[in-house]
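Data block below; observations after.
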Amino acid sequence: MRHWLLKSEPDEFSIDDLAAAKGRKVAWFGVRNYQARNYMRDEMQVGDPAFFYHSSCPEPGIAGIVEVSKAAFPDATQFDAASKYHDPKATRAAPRWFNVEVRLVEKTRLVPLAELRADPALATLRILQRGNRLSITPVEPAEWSRICRLAGSRAR
DNA sequence: GCCAACGTTGGC
DNA sequence: GCCAACGTTGGC
């Protein structure tokens with residue numbers, strides 16, 4: 001089992017949107033980066049926990065905890081000509097983009113980016129590294145525990 | 001809106 | 001396969 005961090009712009013899809021979704025589940029659609037896709041397609045397993053991170057917003061930070069509820073399958077939006085995630089080079093026979101499904105485990109207090117940065121125990125956290133833009137990154141077990149503690153979560 | 005950093009594209 | 005140009009990300 002591995003731990004992950006998933007970024008989402010709350011204007012697009014927030015933790016409250018996930019809480020309001022049917023079954024509190026959603027396909028993690030719209031990822032159009034090969035490395036992030038490969039994490040979903042090749043490494044994420046059902047039951048893996050992940051932080052839900054709000055990016056590109058007034059208060060960036062960790063907003064909650066989700067878990068992988070379904071292994072990777074083709075991202076439906078790549079086939080949808082009306083979607084901004086449409087990919088004309090993708091076909092149903094040869095999909096390019098995959099997504100897992102995630103389920104909300106717990107909405108936590110918002111742990112601001114500045115608080116993550118200020119914590120020496122999180123110096124190696126991927127999203128804090130210079131130039132990092134990847135929307136899906138692995139989280140080390142010690143980092144996971146530390147952030148759970150900061151967030152006031154019972155999860156470990 | 002700025003800008004650093006990075007990924008992708010496409011000509012050669 | 002190289003690499004310049006371009007587009008995107010995301011914090012500030």
Side-chain angles (χ1 to χ4, degrees), chain A residues 2-21 26-44 48-68 72-102 104-140 142-153:
Chain A
R2 297 183 74 178
H3 300 87
W4 305 94
L5 184 147
L6 308 180
K7 291 186 197 173
S8 184
E9 301 186 16
D11 285 351
E12 298 288 327
F13 192 82
S14 72
I15 190 118
D16 290 326
D17 293 326
L18 178 55
V26 72
W28 204 254
F29 64 91
V31 171
R32 294 295 181 267
N33 169 282
Y34 289 106
Q35 197 177 346
R37 178 204 68 181
N38 293 347
Y39 279 142
M40 285 200 282
R41 190 189 61 187
D42 305 334
E43 300 195 38
M44 293 176 80
D48 280 3
F51 292 120
F52 191 116
Y53 178 89
H54 282 173
S55 66
S56 294
C57 59
E59 280 193 296
I62 304 254
I65 293 171
V66 300
E67 73 174 14
V68 177
F73 55 97
D75 179 335
T77 61
Q78 72 192 301
F79 309 123
D80 179 0
S83 168
K84 70 173 181 177
Y85 298 116
H86 179 238
D87 184 345
K89 293 181 180 170
T91 65
R92 291 186 187 273
R96 255 195 192 190
W97 305 110
F98 291 81
N99 52 208
V100 296
E101 179 195 77
V102 301
L104 180 63
V105 173
E106 179 184 5
K107 182 180 172 180
T108 64
R109 87 172 173 94
L110 190 112
V111 183
L113 177 59
E115 193 172 330
L116 300 174
R117 279 200 193 286
D119 191 333
L122 298 176
T124 57
L125 191 68
R126 285 280 292 275
I127 58 158
L128 303 183
Q129 305 312 305
R130 179 182 184 80
N132 171 79
R133 300 188 316 178
L134 204 55
S135 67
I136 298 180
T137 50
V139 173
E140 296 305 314
E143 297 165 345
W144 178 268
S145 297
R146 180 63 183 158
I147 295 170
C148 283
R149 228 162 242 117
L150 291 177
S153 166

(request) List in chain and number order the residues that pass side chain to side chain contact (heavy atoms under 4.5 Å, CB included) with A:Pro74, two or more places apart in sequence or in another chain; answer none if no residue qualifies. (result) A:Gln78, A:Phe79, A:Pro95, A:Phe98
(message) Taking the ring of A:Trp4 and the ring of A:Phe52, is the distance between their centroids below 6.0 Å?
(response) no
Taking only N/O atoms, report every protein-nucleotides 7-11 of chain C pair under 3.5 Å with atom names and distance.
unit_1	atom_1	unit_2	atom_2	d
C:dT8	O2	A:Arg133	NH1	2.5
C:dG10	OP1	A:Lys7	NZ	2.7
C:dG10	OP1	A:Arg133	O	2.8
C:dG11	OP1	A:Tyr53	OH	2.9
C:dG11	OP2	A:Ser56	N	2.9

(message) Give me each pair satisfying side-chain hydrogen bond (donor to acceptor under 3.5 Å, both in side chains) with a member in residues 109-126 of chain A, each pair once, sequence neighbours excluded.
(response) A:Arg109-A:Glu115, A:Asp119-A:Arg146, A:Thr124-A:Glu143
(message) Check whether A:His54 reaches the backbone of A:Ile15 with its side chain - one donor and one acceptor, N or O, closer than 3.5 Å.
(response) yes
(message) Salt bridge check, A:Arg96 against A:Asp75: does any charged N sit closer than 4.0 Å to a carboxylate O?
(response) no
(message) Here's a test of your reading of the structure: between A:Asn33 and A:Lys89, which maps to the more 5' nucleotide of DNA chain B?
(response) A:Asn33
